[in-house]
Amino acid sequence: MTPPLLSGLLQRQYDQSHRNFTRQLELNRARSLGFDTSKQINSIHKGGVTWLDLERADNRYLLAGSADCSVAVYDVAQPFGSSGQQNSGSGDYGSVLKITSANSDCHQYSVSSVAWYPIDTGLFVTGSFDHQVKVWDANLGQAACSFTFPDRVYGVAMSAIAATHCLIAVVGGDPHIKLCDPATGGFTHSLVGHREPVWAVSWSLDSEYHLVTGGCDGQVRMWDIRTYNCLRIFDEHVTQRPKPVRAESAGSR
């Protein structure tokens, strides 16, 4: 009997079914996945972990936010021993930075989202239910600047490909998406279109000026921050129906 993977290779060679080959390859990879029981991250959080972000510069430092207001950075490449010292023979991975209630800059309520500064690991951003977004100096463990919002913050995001700006997109209980500039410490502008709180935000990987958001109104919107305009509205459930047009009676003409 021909093994499934070899059968797929033969099918692709003879142009019989490239799609089936790809699907079979994905299934084989999924079946081979398993937990690595030799590695463990020693969490410092006492509440649920709400958000994770692995920096892209070295793919080494994992940023975590928690419902207990804490924020931590974990080194997932270098294990730490029980004494807190680096130990290549141990499978325990510990925190290299922790921000808890003992830190005067710590958030007052649950940390809802975290994001690394895309260029390096010197800065990261956090958003919280305390209506605050904070930009942190990762080396000092201190807030470099902060932004205050009228409602809870649900998400923060920075573009991974931006070359002309370092804006932070912020979404939350306010239907308006805010763009913050950490270089000036101020807001640049708002994107208006959602009718209810916005829960999700992500920058495009094709253009540094395009932003995607998802709201409680059932809509996913794509924005161009240069013109402040909404480029696309993806509304699967047709939450924004046009108002019916009333026909005029003959007597009113």
Side-chain angles (χ1 to χ4, degrees), residues 43-55 61-74 95-160 162 165-194 196-203 211-216 223 225:
S43 174
I44 61 101
H45 308 292
K46 297 179 180 178
V49 175
T50 56
W51 204 277
L52 298 169
D53 189 28
L54 182 66
E55 50 84 20
Y61 297 107
L62 180 67
L63 179 62
S66 173
D68 66 3
C69 312
S70 65
V71 178
V73 176
Y74 299 95
S95 62
V96 294
L97 173 67
K98 53 185 177 182
I99 301 170
T100 63
S101 57
N103 187 317
S104 60
D105 292 333
C106 184
H107 284 289
Q108 300 301 307
Y109 297 107
S110 173
V111 176
S112 56
S113 56
V114 297
W116 279 107
Y117 179 56
I119 306 301
D120 59 46
T121 57
L123 291 174
F124 62 84
V125 182
T126 60
S128 170
F129 284 1
D130 63 5
H131 304 195
Q132 295 278 322
V133 166
K134 297 189 177 188
V135 180
W136 298 85
D137 184 323
N139 297 311
L140 300 177
Q142 298 176 353
C145 67
S146 62
F147 303 88
T148 303
F149 294 84
D151 213 320
R152 289 181 173 182
V153 174
Y154 292 137
V156 296
M158 299 187 75
S159 173
H165 70 79
C166 59
L167 297 177
I168 305 169
V170 182
V171 298
D174 183 355
H176 299 170
I177 298 100
K178 303 288 188 181
L179 296 179
C180 312
D181 187 354
T184 63
F187 299 96
T188 59
H189 49 278
S190 300
L191 304 175
V192 181
H194 283 289
E196 295 183 30
V198 184
W199 281 0
V201 58
S202 180
W203 288 92
L211 185 71
V212 182
T213 57
C216 295
W223 308 86
I225 66 170

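Nothing fancy with the numbering, it's 1 onward along the sequence.
Here the CD1-OG distance, from I225 to S159, works out to 8.0 Å after rounding to the nearest 0.5 Å. Note that CD of Q142 is 7.5 Å distant from CG of N103, once rounded to the nearest 0.5 Å. Here the OG atom belonging to S190 is positioned 7.5 Å from the CG atom belonging to L179, to the nearest 0.5 angstrom. Note: Q108 CD to S128 OG = 8.5 Å, rounded to the nearest 0.5 Å. Taken to the nearest 0.5 Å, the CG atom of L123 stands 6.5 Å off from the CG atom of D137. Atoms OG and CG, on S95 and L62 in that order, are 11.5 Å from each other to the nearest 0.5 Å.
Of the possible polar contacts, one joining the T50 side chain to the G65 backbone as a donor-acceptor pair under 3.5 Å is found. Under the 3.5 Å distance criterion, the side-chain polar atoms of D130 are left unmatched by any main-chain donor or acceptor of H107. With hydrogens and angles ignored, the 3.5 Å screen pairs no side-chain donor or acceptor of S202 with any backbone N or O of V212.
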Side chain to side chain contact (heavy atoms under 4.5 Å, CB included) between F147 and V135, intermediate numbers included: CA-CA 9 Å; F147 303 88; V135 180; 4.2 Å; yes

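Between Q132 and T148, the closest heavy-atom pair is NE2-OG1, 2.9 Å. In terms of heavy-atom proximity, A67 sits nearest to S110 at CA-OG, 3.4 Å. When all heavy atoms of V170 and C180 are compared, the closest pair comes out as CG2-SG, 3.9 Å. H194 and W223 get closest at one heavy-atom pair: CD2-CZ2, 4.2 Å. Taking both residues in full, the closest heavy atoms of C106 and K134 are given as O-NZ, 3.8 Å, listed atom of the first, atom of the second, then distance. G127 and V153 get closest at one heavy-atom pair: CA-CG1, 3.9 Å.
The six-membered or imidazole ring of F187 lies near that of F149, with a centre-to-centre distance under 6.0 Å. In summary, the aromatic rings of H165 and W203 are positioned with their centroids under 6.0 Å apart.
Aromatic ring orientation, W116 versus Y61: tilted (interplanar angle from 30° to 60°).
Residues Y154 and R152 form a side-chain contact, since some pair of their non-hydrogen atoms from C-beta on lies under 4.5 Å apart. When side chains are defined from C-beta on, P182 counts as touching C166, because their heavy atoms get closer than 4.5 Å. Residues P175 and E196 are not in side-chain contact: their nearest non-hydrogen atoms beyond the backbone lie 4.5 Å or more apart. Residues D151 and P197 have side chains not in contact (no heavy-atom distance under 4.5 Å, counting atoms from C-beta outward). A 4.5 Å side-chain heavy-atom check between I44 and Y74 finds at least one atom pair inside the cut-off. In this structure the side chain of I99 never reaches within 4.5 angstrom of the side chain of D105, judged on heavy atoms.
Considering V73, V71, L140, N139 as possible partners of L97, the one that fulfils the side chain to side chain contact (heavy atoms under 4.5 Å, CB included) test is V73.
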